[in-house]
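In this chain, residues are counted from 1 in sequence order. Each ligand, and each atom within it, is numbered from 1 in the order the structure gives. Worth knowing before you read on, the calculation uses all heavy atoms, side chains too, and leaves out hydrogens, waters and symmetry mates.
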Amino acid sequence: MKSHSKVAVIGGGVVGCSVLYHLTKAGWKDVVLIERARLAAGSTWHAAGGFHTLNGDPNVAKLQGYTIGLYNELEKISGQSCGLHRSGGIILADSNDRMDFLKMAHARARYLNLETELLTPSEAKKLFPLMEEKYFVGALYDKVDGNLDPEGTTEAYAKSAKIGGAEIYLNNRVVELKPRPDGSWDVITEQGKIVAEHVVNCGGLWAREVGRMVGIELPVLAMEHMYMVTEDIPEVIAYNKEYGKEVSHALDFKSEVYMRQERGGMVLGTYEKDCRPWSPKTTPWDFGQQLLPDDLDRIAPSLEIAYKHFPCMAKAGIKRVINGPFTFSPDGNPLVGPVQGLKNFWVACAVMAGFSQGGGVGLALSQWMVNGDPGFDVWGMDVARYGEWATRSYTNKKVRENYSRRFSIRFPNEELPAARPQQTTALYDVMRAQGAVMGDSWGLEVPLWFAPKGTEPKDVVSFHRSNDFAHVGNECRLVREGVGVTEIANFAKYEVTGTGAEGFLSRLMTNRMPKTGRLILTPMLNPAGKLIGDFTIAKASDDRFLMWGSSQAQKYHMRWFESQLHQWGQTPPAKGSDPLIRRYDMGLVGLSIAGPKSREVLARLTDEDVSNAAFPFMAHRSMDIGHVPAMINRVTYTGDLGYEIWVAPEYQYRLYREIMAAGKASGIGNFGMRALLSLRLEKNFPTWYRELRPIYGAFEAGLDRFVDLTKADFIGREAAAQEKASGGTLRRVTFEVDAKTADVLGDEPIWHRGRVVGWITSGGYAHYVQKSLAQGYVPKDLAADFGKGAFEIEIIGDNRKATLLTQAPFDPEGKRMRG
Ligand SMILES: Cc1cc2nc3c(=O)[nH]c(=O)nc-3n(C[C@H](O)[C@H](O)[C@H](O)COP(=O)(O)OP(=O)(O)OC[C@H]3O[C@@H](n4cnc5c(N)ncnc54)[C@H](O)[C@@H]3O)c2cc1C
């Protein structure tokens with residue numbers, strides 16, 4: 001074994017071998033993989049080997065498409081067969097809701113360049129003869145789906161990596177990881193020590209244990225998973241003879257089973273409701289290539305429906321049952337990337353579909369390590385998407401919920417109940433007592449909308465406008481015509497202090513820093529000029545700044561700040577002391593009051609002058625509000641006159657009561673997150689992770705006025721200047737949509753004169769202006785085609801006319817917020 005290496009990958013499952021291969025492909029040859037047993041000895045060896053592209057997150061779906069396309073390349077390089085069967089796959093819908101879901105997946109596939117087809121039940125039967133047509137309303141076909149040999153494929157990755165220069169050490173467990181002062185690691189193995197600049201945790205079933213070696217608890221849990229292999233089925237053999245091909249894969253939402261051909265019989269696996277975590281606390285190191293005892297009773301409810309839908313399966317003998325564990329994160333997507341708070345420690349684990357996702361995970365991680373950027377939008381699988389609230393018991397509940405819903409559709413207005421409420425503010429019960437329907441925002445309960453007295457505070461889940469429609473509309477009108485109050489505790493908040501704070505922030509952000517007592521809005525770019533953040537920054541004093549951003553990105557942003565702080569200390573022009581960045585998390589909470597009457601409410605709460613002259617738009621002040629020490633920003637996301645009031649959590653209850661009392665004479669009422677999002681739509685405001693993502697540039701996103709190219713230096717400046725000169729390739733646009741009962745949700749394709757040219761990022765009904773609106777990206781040359789009928793947006797299989805808007809439908813000149 002080598003004594004030093006650039007990278008030590010821990011774990012030789014399909015994921016570790018893919019990471020190793022992709023590192024060599026990206027140009028790093030001095031890389032090793034350390035495996036405690038033999039390759040594929042974890043969850044990989046007993047996988048059913050199926051692969052498919054469908055994923056709820058289009059960016060993850062794209063990487064799944066990459067994985068599936070990779071197998072021919074691997075076979076060619078390694079000379080090792082992956083045992084590919086490209087039989088195609090169908091997903092069967094038994095209800096209109098499920099068919100709507102498939103129509104949306106089909107529409108999304110269009111702009112991902114994935115070729116799917118919608119089928120009638122009889123067309124589906126031609127591909128999957130075992131089904132009873134009468135139980136289904138339709139299907140989605142993807143010709144690239146198939147299955148492979150799990151061990152052969154792992155071997156193919158490993159051989160290709162070795163050809164690229166990597167070394168693999170088997171039967172050698174990593175027992176300890178010790179950080180070195182220079183950021184590298186002592187990797188202590190059963191066979192001795194290796195010093196590695198970077199460590200990648202691909203520990204699969206043992207990823208938690210490897211994480212614990214460096215003091216972290218990764219949100220990952222193994223679940224038992226059963227599939228059975230049948231004896232030969234005459235209908236299958238007859239189909240093979242008649243058509244000269246295998247029957248396609250099939251997935252049945254209703255019975256929650258998947259099936260594929262195995263020799264003359266079938267494999268049938270289930271994602272049963274009555275699911276079981278495996279080894280919930282610790283995975284034993286001596287767990288070998290073992291299977292778990294089967295328990296067909298547990299999957300009987302699924303089998304009962306499956307046998308009705310596919311009668312010949314009921315008659316087939318069962319040759320063997322496989323029950324094995326494999327790992328999941330709370331939302332079912334992988335955990336990939338560098339871990340915040342640690343240097344040079346990377347993870348690629350919780351990969352529940354290693355044969356659909358392993359290639360994409362390896363590609364993204366290797367580019368991230370080698371180039372400093374994954375090269376894709378990998379938010380859907382970034383390990384930074386989970387906060388401290390994702391504890392072991394939280395993970396346990398969420399993973400079970402996710403497993404049991406694997407083949408359930410999730411409606412856009414559906415909030416999942418497991419492990420909630422996890423975090424609450426002092427107003428949780430107060431809001432609920434007033435009819436608040438709560439939702440989860442990065443582990444925190446937030447009010448979505450308020451059901452008036454006599455209305456049940458509950459969402460009726462749907463792809464169409466639902467029971468909240470009229471109430472959210474009333475909340476929007478309350479704000480636009482009077483004054484409303486909403487809780488904004490879920491924003492991310494940071495404090496940056498020190499004499500070097502201003503210089504540091506100025507280097508990170510595209511906009512010029514504000515003067516004391518003022519606010520700015522600013523994007524943050526990576527060196528390639530792509531958007532990696534969007535903040536409101538206040539200068540409280542010479543060496544103290546406050547910053548607000550997206551709640552979900554708190555770890556993602558802290559990771560970036562920390563990496564830049566490290567470089568800051570070593571960059572010569574850095575002036576002043578090293579800045580200190582503190583994440584407030586729930587140590588700072590807030591309420592926002594907004595609407596034309598919000599100033600009169602504020603005036604009743606303080607003896608300070610809050611006139612427009614004394615406290616203008618984009619001002620920041622510290623003042624007592626109803627006896628409570630507060631920081632106030634004269635800005636709100638509603639795009640109306642309004643204020644964000646920030647206080648320590650112990651004051652929030654008092655603040656709320658004071659606001660409600662002072663607002664009574666002005667007719668104040670609550671509004672929720674859904675009204676807030678509707679109000680921002682009619683102002684054309686973008687949102688982080690929908691319109692603003694690391695695949696777009698600031699000028700493409702229309703943030704021109706927040707990028708100050710006269711500033712001498714900021715990260716991404718050169719790329720931003722180039723983008724400004726060339727105009728980039730895309731443009732963020734807003735459409736008015738001729739919608740009927742359903743508005744866009746995001747991820748719908750945009751058609752232009754019969755061709756798909758872009759995609760929707762978000763949208764919905766803008767209640768005050770009474771328009772269905774959608775934001776999205778189109779090629780820049782089309783962004784000025786204001787002609788009626790030039791564009792269409794596909795909403796649940798229906799192409800709806802869409803007209804580009806030249807300006808925000810509400811108060812385009814921003815008079816209201818400045819007034
Ligand atoms: C019954 C069943 C059916 C499945 N069907 C499918 C399917 O059809 N399609 C699909 O895509 N996926 C399927 N899967 C899931 C698939 O198996 C996983 O996605 C995949 O195995 C994950 O691979 P991995 O490399 O992350 O983890 P693992 O395979 O668990 O690999 C981790 C490796 O790390 C090693 N390791 C851990 N700790 C250390 C240490 N300290 N030192 C050295 N080595 C260490 C382990 O020995 C192990 O070899 C199925 C799983 C099961 C159980």
Taking 4.0 angstrom as the limit, do Glu217 and Arg212 come out as a salt bridge? yes

With distance as the sole criterion, is a donor-acceptor pair present between the side chains of Thr189 and Gln191 under 3.5 Å? no

Numbered in order shown, the ligand 1 atoms found under 4.0 Å of a heavy atom of Gly354 are 10 (C), 11 (O), 12 (N), 18 (C), 19 (O)

Which bit of Trp285 gets closer than 4.0 Å to ligand 1, counting heavy atoms only: side chain, backbone, both or neither? side chain

Taking only heavy atoms of His225 into account, list the atoms of ligand 1 that are under 4.0 Å away from them. 1 (C), 2 (C), 3 (C)

What about the rings of Tyr66 and Phe376, do their centers lie closer together than 6.0 Å? no

Is ligand 1 under 4.0 Å from a heavy atom in the side chain of Cys202, in the backbone, in both, or in neither? backbone

Please could you name the atoms of ligand 1 that Gly12 approaches to less than 4.0 Å, counting only its heavy atoms? 33 (C), 34 (O)

Check for a donor-acceptor pair, side chain of Asp294 on one end and backbone N or O of Leu296 on the other, with a separation under 3.5 Å. no

Shortest protein heavy-atom distance from atom 31 (O) of ligand 1, along with the residue and atom involved: Gly13 CA, 3.5 Å

Does ligand 1 have any atom that is closer than 4.0 Å to a heavy atom of Ala41? yes

So, Arg559 and Asp382, do they make that salt bridge, N to O below 4.0 Å? yes

One thing to verify: whether Arg263 and Asp232 come together as a salt bridge, which I'm taking to mean a side-chain N less than 4.0 angstrom from a carboxylate O. no

Under a 4.0 angstrom heavy-atom cut-off, which atoms of ligand 1 come close to Val351? 18 (C), 19 (O), 22 (C)

For atom 33 (C) of ligand 1, find the nearest protein heavy atom and state the residue, atom name and distance (0.1 Å precision). Glu35 OE1, 3.6 Å

Taking atom 43 (C) of ligand 1 as the reference point, the nearest protein heavy atom with its distance: Arg36 N, 3.1 Å

Heavy-atom nearest neighbour in the protein, as seen from atom 9 (N) of ligand 1, with distance rounded to 0.1 Å: Gly50 O, 2.9 Å

Under a 3.5 Å cutoff, is there a donor and acceptor pairing between the side chains of Arg392 and Asn396? no

With atoms numbered from 1 as shown, which atoms in ligand 1 lie under 4.0 angstrom from a non-hydrogen atom of Leu205? 30 (O)

Numbered atoms and elements of ligand 1 in range of Gly204, under 4.0 angstrom, heavy atoms: 26 (O), 27 (O), 28 (P), 30 (O), 32 (C)

Does any N or O atom in Val210 lie less than 3.5 angstrom from one in ligand 1, N or O only? no

Just to be sure I read this right, does ligand 1 sit under 4.0 Å from the backbone of Trp206, its side chain, both, or neither, counting only heavy atoms? side chain

Just to be sure I read this right, does ligand 1 sit under 4.0 Å from the backbone of Met352, its side chain, both, or neither, counting only heavy atoms? backbone

Can you list the steps and then say if Phe355 with His85 is a ring-ring contact (aromatic ring centres under 6.0 Å, His included)? CA-CA 13 Å; Phe355 301 99; His85 296 252; over 10 Å; no

Where on Pro325 is there a heavy atom closer than 4.0 Å to ligand 1, on the side chain, on the backbone, on both, or on neither? backbone

Numbered in order shown, the ligand 1 atoms found under 4.0 Å of a heavy atom of Val15 are 23 (O), 24 (P), 25 (O), 26 (O)

Going by an N to O cut-off under 4.0 Å, is there a salt bridge joining Glu224 and Arg298? yes

Under 3.5 Å donor-acceptor, Arg36 side chain and Trp285 backbone: yes

At under 4.0 Å between heavy atoms, what of Tyr227 touches ligand 1? The answer is side chain

Taking atom types as modelled, is there a side-chain donor on His249 or Asp145 under 3.5 Å from an acceptor on the other? no

Considering Phe355, Phe326, Phe328 one by one, which has a heavy atom nearer to atom 15 (C) of ligand 1 than any of the others? Phe326

Would you mind checking if Glu117 and Lys143 are paired as a salt bridge, meaning a charged N to carboxylate O distance below 4.0 Å? no

Does a donor on one side chain sit under 3.5 Å from an acceptor on the other, for Glu73 and Tyr21? yes

Per-atom contacts of ligand 1 with Ser356, taking only distances under 4.0 Å to non-hydrogen atoms: 11 (O)

Side chain, backbone, both or neither: which part of Thr327 has a heavy atom under 4.0 Å from ligand 1? neither

